[in-house]
Structure formats: C-alpha cells, structure tokens
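Structure record follows, encoded as structure tokens.
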Amino acid sequence: MKRDSRLSGVLHVLLHMAQQPGPFTSETLAKAMDTNPVVIRRIMAGLRELGYVRSEKGHGGGWRLACDLSKVTLRDVYFALGSPSLLAMGNRTEAPGCLVEQAVNAALDQAFHDAEALLLSRLGEVTLAMLGEDLRKRLGSRKIHDMSAHRA
C-alpha cells in the first residue's frame, strides 16, 4: 500500500518558502517535490483559502507565505489538506454479522481512535516556526549556510 506523503510534502514546500525570500512558481516547487505543477497548484489553493499562502500573478509572481509560522501547527496544515487518513490499517468488514469480527473491530476501532487522537494532539504541538528552527540548527551544525537545504 502506498503511503500518503502529502503532509510531509506540503511541510517541505512551506519550509523552503520560509527559508528564501520572494515568490515561488508552481514549477519551481514541483521540481523540488518531484511532482507535477498541477498537484502543487491544487495543494497551494487549499492553503491559500485558509490564509497560509497567497499567490501573485504575472511576471515575478508565484506563491508566498502569508502567515505567522509560529501560529500555524502541523495539525493546521493536515486539516488544510482535507484531513487525509492517518493510519494505513483498517478493519475487516467482509462478515459484519460475525460476532468475532464485531469483537475484533470494536477493539481495533478504539485503538485506532486513540492512536489518531494522540497523533493529532502531537501535530498540534509543533509549529512551522519550530520546524524552521530545527532546519536552521541542522544547517548550522553542518556549516553549510551558503548551500540549499536540498543539497545538504
């Protein structure tokens, strides 16, 4: 099963945007994420609706951050993506009348609910500013301030 890496990808894009001034075209961001510019535009449009980014048209235009990074959490970005499934596992549903399946699913439902609640709570504790600070520390420890984070 393929993992949904959109949250990781969007956070990656937002950190790049936070590290360098100026607008970023969808093409530039798509190249950094190894994806199609249409995918970037779709994701960024959702972030724009919530005020996290803004777009500028014309020559020299592109996407810019439009938020205070210390006020936006990973959970906020997760919700901006439409709250994709957090867990790849699920319940068996082939025999809903089976009492064994009902007992197993009841136990798993509670475990899945608890795990998702814990993960969402943790995502709510981490801001984009905290990610940016972690990146700065990593760059500083490598003493490569003049290189991009991608090549580091």
Side-chain angles (χ1 to χ4, degrees), residues 1-93 105 107-152:
M1 171 181 273
K2 188 173 190 260
R3 290 185 178 198
D4 185 337
S5 62
R6 286 179 294 165
L7 178 59
S8 177
V10 169
L11 295 171
H12 188 128
V13 164
L14 293 173
L15 278 184
H16 273 292
M17 293 173 73
Q19 297 304 308
Q20 298 178 8
F24 288 80
T25 65
S26 297
E27 289 74 19
T28 300
L29 295 173
K31 193 175 199 179
M33 294 308 305
D34 194 28
T35 192
N36 190 299
V38 173
V39 172
I40 295 295
R41 282 191 283 277
R42 189 177 311 126
I43 290 170
M44 298 304 272
L47 296 175
R48 179 180 55 210
E49 288 176 16
L50 294 171
Y52 300 145
V53 298
R54 68 177 186 270
S55 60
E56 300 170 354
K57 295 182 180 183
H59 181 70
W63 297 100
R64 290 181 183 266
L65 288 175
C67 62
D68 179 346
L69 298 182
S70 67
K71 296 191 184 320
V72 179
T73 67
L74 305 190
R75 182 175 52 206
D76 295 330
V77 177
Y78 164 78
F79 287 139
L81 290 173
S83 305
S85 179
L86 289 171
L87 302 174
M89 292 188 300
N91 288 334
R92 176 184 157 90
T93 58
N105 288 352
L108 289 177
D109 280 343
Q110 187 61 53
F112 293 154
H113 174 76
D114 292 349
E116 286 183 352
L118 181 62
L119 182 53
L120 284 174
S121 175
R122 179 65 182 127
L123 292 176
E125 296 171 2
V126 180
T127 66
L128 295 178
M130 293 165 82
L131 290 182
E133 182 57 31
D134 183 39
L135 174 60
R136 280 187 285 287
K137 286 179 184 175
R138 291 170 189 271
L139 286 171
S141 69
R142 286 195 170 176
K143 297 180 179 153
I144 56 168
H145 296 286
D146 59 328
M147 289 182 67
S148 85
H150 249 279
R151 293 182 294 228

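- Rounded to the nearest 0.5 Å, atoms NZ (K137) and CD (E133) are 5.0 Å apart.
- At distances below 3.5 Å, at least one donor-acceptor pair connects side-chain atoms of T25 with backbone N or O atoms of T28.
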Side chains of residues 110-118: which donor-acceptor pairs under 3.5 Å do they make with residues two or more places apart or in other chains?
unit_1 : atom_1 : unit_2 : atom_2 : d
Q110   : NE2    : D114   : OD1    : 2.7

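- Here the OH atom belonging to Y78 is positioned 3.5 Å from the CG atom belonging to L86, to the nearest 0.5 angstrom.
- The structure places CD1 of I40 at 6.5 Å from CE of M33, a figure rounded to the nearest 0.5 Å.
- For the pair L74 and T127, the minimum side-chain heavy-atom distance is 4.5 Å or more.
- Counting heavy atoms from C-beta outward, R48 and S55 have side chains that approach closer than 4.5 Å.
- Legend: salt bridge (Lys or Arg N to Asp or Glu O under 4.0 Å) pairs involving residues 20-31, not counting sequence neighbours, sorted by first then second residue: E27-R41.
- A distance-only check finds a donor-acceptor pair linking the side chain of D4 to the backbone of R6 [under 3.5 Å].
- Minimum heavy-atom separation, D76 to K71: OD2-O, 3.6 Å.
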Next on the checklist: side chain to side chain contact (heavy atoms under 4.5 Å, CB included), that's the test. Do L14 and L47 meet it? Break it down for me.
Outcome noted: CA-CA 10 Å; L14 293 173; L47 296 175; 4.2 Å; yes

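- Using a 4.5 Å cut-off on side-chain heavy atoms (C-beta onward), L29 and M17 make contact.
- Rounded to the nearest 0.5 Å, atoms CZ (R122) and CZ (R75) are 11.5 Å apart.
- Side-chain atoms of N105 come within 3.5 Å of backbone atoms of R92 as a donor-acceptor pair (strictly under, hydrogens ignored).
- Separation of atoms CG (D109) and CG (N91) is listed at 4.5 Å; rounding is to 0.5 Å.
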If you look only at distance, which donor and acceptor atoms sit under 3.5 Å apart when one is on a side chain in residues 62-69 and the other is two or more places apart or in another chain?
unit_1 : atom_1 : unit_2 : atom_2 : d
W63    : NE1    : S26    : OG     : 2.9
R64    : NE     : E56    : OE1    : 3.0
R64    : NE     : E56    : OE2    : 2.8
D68    : OD1    : S70    : N      : 2.9
D68    : OD1    : S70    : OG     : 2.7
D68    : OD2    : S70    : OG     : 3.3

Checklist entry - Where do L128 and L11 land on the side chain to side chain contact (heavy atoms under 4.5 Å, CB included) test, with the steps shown first? => result CA-CA 8 Å; L128 295 178; L11 295 171; 3.6 Å; yes

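- When atom types are taken as modelled, the side chain of D134 and the backbone of L131 share no donor-acceptor pair closer than 3.5 angstrom.
- Nearest heavy atom pair, residue A80 against residue L50, reads CB-CD1, 3.3 Å.
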